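Comments concern the structure below.
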Amino acid sequence: MSEKIPETYQDFALGVFCAIQDTTMLVTYSKDVAEAVWMAVANPNAPMRIPAGEDASALS
């Protein structure tokens, strides 16, 4: 980053940057969303809410 982060926001920014670098975090990929959409349109018995991705499934 070319600009200095104001001191007031440094703790917040540090948390954001650490989260971006965390490769162990569960995420959703475009393939996950495509599969959820396909299930919604192709399966007449699909539930109203379909979690797409590992992070969404973890919240379900």
Side-chain angles (χ1 to χ4, degrees):
M1 293 181 56
S2 62
E3 297 181 23
K4 185 178 177 186
I5 299 170
E7 187 175 336
T8 307
Y9 298 105
Q10 285 182 357
D11 289 340
F12 174 76
L14 180 61
V16 171
F17 295 142
C18 287
I20 290 170
Q21 295 174 350
D22 182 5
T23 58
T24 62
M25 208 164 73
L26 301 175
V27 296
T28 295
Y29 297 100
S30 56
K31 178 180 180 249
D32 302 324
V33 175
E35 289 173 355
V37 170
W38 180 251
M39 179 191 293
V41 298
N43 182 352
N45 297 317
M48 183 65 98
R49 294 181 184 197
I50 302 169
E54 293 181 9
D55 56 342
S57 295
L59 296 173
S60 299

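Since the structure is predicted, the reported quantities are computational estimates derived from the model, not experimental observations. All heavy atoms count here, side chains included; hydrogens, waters and symmetry mates do not.
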Revision key, fill the gap. Apart from Val27 itself, members of its ILVMFWY cluster (side-chain separation under 4.5 Å) are Tyr29

What donor-acceptor contacts under 3.5 angstrom involve side-chain atoms of residues 5-20, with partners at least two apart or in another chain?
{"unit_1": "Gln10", "atom_1": "NE2", "unit_2": "Ile5", "atom_2": "O", "d": "3.3"}

Study note, to complete from the structure: Here the pair of heavy atoms bringing Ala52 nearest to Asp32 is CB-O, 3.8 Å

**Study point:** salt bridge (charged side-chain N to carboxylate O under 4.0 Å, His left out) partners of residues 42-60, not counting sequence neighbours, each pair once
**Key:** none

**Study point:** Heavy-atom pair of closest approach, residues Ala46 and Ala40
**Key:** CB-CA, 4.1 Å

Study note, to complete from the structure: Heavy-atom closest pair (Ala36 atom, Pro51 atom, distance to 0.1 Å) is CB-O, 4.4 Å

Point to revise | Shared-cluster residues of Met25, by chain and number - hydrophobic side chains joined below 4.5 Å | key: none

Point to revise | Whichever hydrophobic residues join Val41 through chains of side-chain contacts under 4.5 Å | key: Trp38

Practice item. Enter the distance from Glu35:CD to Lys31:NZ here, rounded to the nearest 0.5 Å. Key: 4.0 Å

Exercise for review: Each residue besides Met48 in its hydrophobic cluster should be listed here, by chain and number; the cluster joins Ile, Leu, Val, Met, Phe, Trp and Tyr at side-chain heavy-atom distances under 4.5 Å.
Suggested key: none

